[in-house]
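See below for the structure under consideration.
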Amino acid sequence: MSNTLYNHQEIETKWQEVWENDHLFQDSAKINPANKLYLLFAFAYPSGSGLHVGHVESKTALDILARYHRMNGKDVFFPVGWDAFGLPAENYAIKTGTPPEVTTKNAIATFERQLKRIGISYDWDNEIATCDPTYYKWTQWIFLELFSKGLAYQATGKVNWCPSCQTVLANEQVVNGRCERCDSEVIQKDMKQWFFKITEYRDELISGLDDVDWPNPTKQQQINWIGKSEGVEVDFALKNSNRQLKVFTTRVDTIAGVTFMVISPEKFAEFKLVEIQPEANKKACEDYLTASSKKTEEERKIGEKNKTGVDTGLFVTNPVTGKDVPVWIADYVLAGYGTGVVMGVPAHDPRDKAFAKKFDLEIIPVIESEDEVAYGTLINSGKYTGLSSKEAMEKIPADFTDIMKVTQNYRLRDWLISRQRYWGAPIPIVYDPEGQPHPVKQEHLPWLLPTDVDFKPTGESPLRSSVEFKERVEKLYGKGWTPEYDTMDTFVDSSWYFLRYVDSKNELQFASPEQLKNWLPVDFYMIGPEHIVLHLLYSRFFTKFLRDQGYLKFSEPFMKMRHQGMILGPDGRKMSKSKGNVINPDDVVEKFGADTLRVYEMFMGPIEADKPWDERSVVGVHRFLRRIFDLVMTEDNEVEMPRVVSKLQKTIQKVTADTPELKFNTAIAAMMEMVNVWEEHGGGLSKAQKEQFVKLLAPYAPFIAEEMWHKVNKNTIHQSEWPKADESLIQQDEIILPIQINGKLRGDLRISPAELSALSKEQIQTMAMALPSIQKRLEGQEIKKFIYIPGKIANLVI
RNA sequence: GCCGCGGUGGUGAAAUGGUAGACACGCGAGACUUAAAAUCUCGUGAUAGCAAUAUCAUGCGGGUUCGAGUCCCGCCUGCGGCACCA
């Protein structure tokens with residue numbers, strides 16, 4: 001068999017062309033589905049470096065599902081599109097002057113070519129790209145919907161500012177407090193920004209997770225990100241004033257141990273506490289506020305170990321002890337969480353303790369327990385002494401209903417969506433001469449991204465350099481009117497693309513109600529674990545918002561979701577150009593073929609695991625495909641052999657069970673076993689049975705399967721029917737029944753299934769004990785118990 | 001620190017509480033070949049033994065069970081996420 005007929009190059013280019021000409025699997029959204037299955041892959045950014053092996057993994061996995069389910073009679077919708085706005089194209093433009101639309105267009109063309117080459121059965125007719133005005137028209141429309149409901153609003157917020165590049169950076173561009181590109185320290189700058197009020201849905205974003213089939217760790221991570229915590233708000237009365245300081249605490253049981261209060265610098269300014277402050281403390285506080293506002297991310301982290309602060313000279317009264325305690329300003333208190341004011345309990349909070357030690361503040365223990373932060377029994381707490389923490393946490397708020405309120409706090413903040421960047425969807429807002437924002441009129445959508453801009457960063461939004469943009473606004477809205485110069489975060493684009501797919505060419509709506517009803521929600525989403533908190537949370541928020549506006553009839557967009565793992569370099573490390581361990585899928589396709597690439601990646605291990613690339617194992621998979629090809633194309637022994645036929649039935653069962661469960665590695669192993677048996681017997685399958693096997697292979701290796709199928713068929717294998725196992729052909733001429741003594745394997749009974757089922761438990765015991773290997777170990781021993789699991793195992797207990 | 005996920009041969013990995021290591025790679029020996037590649041055959045967890053076989057073995061220590069890689073408790077360790085969140 002050394003002169004194999006298998007020429008992957010020839011086969012794969014041939015079928016790629018045929019499928020494309022036949023328009024296979026296209027325009028599926030136009031069907032009115034009886035039995036729909038919407039498969040979605042994570043929206044990809046069309047990077048200049050093209051498809052990498054990680055893309056191949058997730059796309060192949062979904063493609064196998066798509067092909068498998070089509071063969072099982074499902075109406076499969078499997079669309080493709082591009083998250084095409086974003087920074088790399090813009091940075092490239094800054095460097096080279098090439099407009100981002102040119103770079104992006106080229107990159108998309110490369111991806112399309114590569115995806116077709118590896119045989120992904122996308123519905124190309126519904127392809128979308130977020131940078132296309134027919135798409136971002138509706139991104140802008142959603143913005144305006146949010147704006148009209150008060151869920152898109154402007155506020156002054158801190159942004160990451162790179163002083164060297166003179167530009168705002170996205171969070172993802174800040175690595176360890178430094179600019180990803182020039183490595184200079186990023187500072188926080190206050191700028192007026194647009195936000196989406198995702199916090200409006202924070203509780204539903206938690207509870208909705210009960211209704212979806214997602215990996216549990218993923219749900220946990222989202223829940224942690226939202227960060228709901230139960231606690232109590234307490235108003236502490238400020239001495240010599242009629243004002244209060246409100247704090248949030250999860251440990252109201254420790255309130256008797258409050259020996260000071262700490263307020264964040266921002267909140268001290270916001271509350272104008274300087275008005276009631278003793279003159280003597282004013283100067284120091286003012287200096288502290290100025291100093292902390294200049295701190296960088298890095299400096300703030302240093303403060304984690306070495307806390308700073310200043311005494312305001314103000315006092316509040318501890319409601320339980322009646323004692324007056326001092327109020328300090330310190331920037332270890334976060335302005336954005338809770339009320340921005342914290343009650344200091346140095347005996348039971350490590351941060352408060354560090355602060356108290358540094359500034360010599362009183363430390364009073366109020367909980368008796370092994371660990372200072374654990375729950376325990378109250379001491380030094382007046383009338384609450386002796387209660388457990390748990391009891392106190394109920395009793396204390398109940399006793400002080402005038403100043404305490406049981407409440408919740410969340411870590412989740414509103415979503416800052418404005419970017420001082422060029423390559424994104426313009427925010428559809430115009431300002432009147434007084435500076436008030438107004439929505440761009442519906443008839444002016446899409447609100448086009450101007451092209452006459454200077455990409456070089458100047459510290460201002462690049463759109464400011466467009467003359468056309470300014471003129472457009474004045475012409476449409478009047479003299480003195482100005483556009484919003486910021487663009488939207490690309491996560492906005494990707495938060496609703498799965499809705500657009502089902503009606504990608506609709507000019508009147510983001511998607512028609514009929515099409516949405518036909519296909520949504522998404523049945524299965526395959527996406528990397530890196531998207532757990534941002535994209536997946538934002539998409540769920542958009543879905544819930546659009547539902548509340550009456551556009552959608554469901555609450556969760558992605559019913560079932562699984563993650564693909566990362567493909568690591570041969571050295572076991574993450575692939576990167578600088579490490580020189582990148583595997584280029586084009587090379588593998590060239591050398592071994594797309595089928596080999598696909599099957600190898602699926603055979604590497606469980607889909608969700610991170611797996612290192614192994615060049616030599618690729619050869620093994622290629623060998624496997626070639627052996628099949630030789631068996632099918634050249635082996636003409638078509639006399640059915642019961643052993644081989646039986647193995648085929650078992651293989652059909654295994655592949656049918658494993659494929660929809662995404663257990664592709666074990667399904668492939670089963671097919672390999674089948675080929676081993678088949679080869680050992682030098683044939684043994686009829687033509688029809690060979691075809692059944694080829695069908696099992698078809699979703700995994702679509703090109704070679706099609707070629708083998710066409711040896712006798714005219715139509716495509718990918719629209720044929722999935723094979724069914726015939727159990728009556730499964731042969732079991734001998735069962736090997738393992739016999740254990742005290743749970744250790746000591747022998748086995750070889751017996752036919754018919755004979756075995758006729759035997760009683762006692763008879764089996766007798767036969768087992770008669771085995772020489774068993775007998776010699778039973779010498780003079782008493783059998784205490786005999787366990788028999790029918791057909792599985794027998795165990796003698798001595 | 002908090003939340004989560006892992007740890008099985010030389011390697012990637014299998015294994016509804018029921019024969020641990022399927023399948024594949026690699027390696028060793030052999031066949032074919034002038035030779036190499038490719039291909040094929042046999043072997044391959046460790047230790048001892050010519051062998052049959054025996055003992056040990058799923059990060060470590062306990063436990064439940066007739067029986068544990070799998071369930072429970074306590075550690076060690078690697079990885080991911082969050083992190084001065086009060």
Side-chain angles (χ1 to χ4, degrees), chain A residues 1-4 215-225 227-229 231 247-252 254 262 264 300-301 303-305 307 330-334 336-345 348-352 354-355 373 409-413 529-530 532-533 565-566 568 570 572 599-600 603-606 608-621 623-624 626-627 630 654 663 665-676 679 736-748 773 783-789 791-798:
Chain A
M1 258 187 269
S2 54
N3 291 324
T4 179
N216 251 323
T218 299
K219 292 185 180 183
Q220 272 313 318
Q221 206 178 314
Q222 279 213 353
I223 289 167
N224 290 348
W225 182 263
K228 182 175 185 171
S229 63
V247 305
F248 174 77
T249 178
T250 55
R251 290 301 300 274
V252 75
T254 64
V262 206
S264 66
R300 224 187 275 160
K301 276 188 185 141
E304 212 169 317
K305 279 158 205 137
K307 297 204 176 346
D331 60 9
Y332 81 89
V333 177
L334 303 175
Y337 182 79
T339 62
V341 188
V342 161
M343 61 182 213
V345 188
H348 303 291
D349 181 286
R351 297 153 303 184
D352 295 345
F355 190 74
V373 297
N409 243 297
Y410 300 81
R411 211 189 72 98
L412 182 72
R413 313 288 164 75
E530 68 276 15
I532 290 171
V533 286
M566 209 191 307
L568 307 170
V599 176
Y600 169 65
F603 184 60
M604 290 173 89
E608 70 278 4
D610 294 346
K611 306 154 285 250
W613 187 272
D614 180 7
E615 170 81 31
R616 304 205 236 223
S617 297
V618 181
V619 179
V621 168
R623 216 176 277 165
F624 162 65
R626 188 153 60 201
R627 284 162 66 201
D630 289 345
K654 179 75 175 156
K663 293 178 180 169
N665 53 332
T666 50
I668 293 165
M671 289 190 267
M672 287 174 169
E673 282 186 58
M674 170 65 208
V675 171
N676 288 343
E679 226 173 38
I736 300 171
L737 184 72
I739 310 295
Q740 298 180 325
I741 295 176
N742 286 348
K744 286 195 173 177
L745 181 71
R746 295 302 182 200
D748 47 50
S773 63
I783 307 288
K784 294 208 186 87
K785 205 169 169 185
F786 179 68
I787 314 260
Y788 175 57
I789 310 297
K792 279 262 179 195
I793 203 160
N795 190 10
L796 293 151
V797 185
I798 55 176

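Heavy atoms only: backbone and side chains are in, while hydrogens, waters and symmetry mates are out. Each chain gets a letter, A, B and so on, in the order its sequence line appears, and its residues count up from 1.
Rounded to the nearest Å, the gap between the P atom of B:C5 and that of B:G49 is 46 Å. Across the P atoms, B:G30 and B:A37 are found 14 Å apart, a figure rounded to whole Å. Rounded to a whole angstrom, the distance from the P atom of B:U70 to that of B:G62 is 14 Å. A gap of 27 Å separates the P atoms of B:G6 and B:A86, to the nearest Å. Here the separation of B:C60 from B:C76, taken at their C1' atoms, is 6 Å to the nearest Å. Look at the P atom in both B:G17 and B:C56: the space between them is 26 Å, to the nearest Å. A gap of 44 Å separates the P atoms of B:G1 and B:G26, to the nearest Å. Going from the P atom of B:C79 to that of B:U44 covers 36 Å, rounded to whole Å.
We find the OG1-CD1 distance between A:Thr218 and A:Ile223 to be 10.5 Å, quoted to the nearest 0.5 Å. Between A:Arg411 atom CZ and A:Leu334 atom CG the span is 10.5 Å, to the nearest 0.5 Å. To the nearest 0.5 angstrom, A:Met343 atom CE is 9.0 Å from A:Arg251 atom CZ.
With both pairing distances under 3.5 Å, B:C71 is matched to B:G63 as a Watson-Crick or G-U wobble pair. In this structure, B:A20 makes no Watson-Crick or G-U wobble pair, since no nucleotide meets both defining distances under 3.5 angstrom. Using N1 to N3 plus N6-O4 or O6-N4 for Watson-Crick, or N1-O2 and O6-N3 for G-U wobble, each under 3.5 Å, B:A31 pairs with B:U39. Pair assignment for B:G7: B:C76, on the basis of Watson-Crick or G-U wobble contacts that are both within less than 3.5 Å. In this structure, B:G1 and B:C82 make a Watson-Crick or G-U wobble pair, each of the two defining distances being under 3.5 angstrom. With a cut-off of 3.5 Å on both pairing distances, the Watson-Crick or G-U wobble partner of B:U47 is B:A54.
Contact annotation for A:Arg746: backbone-only contact, meaning every heavy-atom pair under 4.0 Å involves sugar-phosphate atoms and none involves a base. A:Gly620 comes within contact range of the sugar-phosphate backbone alone, with a heavy-atom separation under 4.0 Å but no base atom that close.
The side chain of A:Thr666 lies closest to B:A15 when the candidates are B:U19, B:A15, B:G67. For A:Arg623, the listed nucleotide lying nearest its side chain is B:C40; candidates were B:C40, B:G12, B:G18. Closest to the side chain of A:Arg616, from the set B:C25, B:C3, B:C23, is B:C25. Checking B:C56, B:A14, B:C23 against every side-chain atom of A:Lys744, the shortest atom distance belongs to B:C56. Of the candidate nucleotides B:C84, B:G4, B:A22, B:A22 has the atom lying nearest to any side-chain atom of A:Glu673. Here the nucleotide nearest the side chain of A:Pro612, chosen from B:A86, B:G12, B:U19, is B:G12. In the set B:U19, B:G4, B:C66, the nucleotide with an atom closest to the side chain of A:Ile787 is B:C66. Picking from B:C5, B:G81, B:A86 the nucleotide with the shortest atom distance to the side chain of A:Pro217 gives B:C5. Listed candidates were B:G4, B:U19, B:A86. Nearest to the side chain of A:Gln740 is B:U19. Distances from the side chain of A:Ala669 to the nucleotides B:G18, B:C23, B:A86 place B:C23 closest.
At whole-Å resolution of the value, CD in A:Gln221 and P in B:A83 are 11 Å apart. The interatomic distance linking A:Asn224 (CG) with B:C3 (C1') rounds to 5 Å, in whole Å. For the pair A:Phe624 CZ and B:A38 P, the computed distance is 20 Å after rounding to whole Å.
For A:Arg626, no side-chain nitrogen or oxygen approaches OP1 or OP2 of B:A38 to under 4.0 Å. Phosphate proximity of B:A83 to A:Arg411: present, with a side-chain N or O under 4.0 Å from OP1 or OP2. Contact annotation: A:Asn676 does not reach the phosphate of B:A22 (side-chain N/O to OP1 or OP2, under 4.0 Å). For B:C66, one of the phosphate oxygens OP1 or OP2 lies less than 4.0 angstrom from a side-chain nitrogen or oxygen of A:Lys785.
Using modelled atom types, one finds no donor on one side chain facing an acceptor on the other under 3.5 Å when comparing A:Tyr337 with A:Ser264.
Formation of a donor-acceptor pair under 3.5 Å by the A:Tyr600 side chain with backbone atoms of A:Trp613 is not found in this model. With hydrogens and angles disregarded, a donor-acceptor distance shorter than 3.5 Å links the side chain of A:Asn742 to the backbone of A:Ile798.
Ring planes of A:Phe355 and A:Tyr332: tilted class, angle from 30 to 60°.
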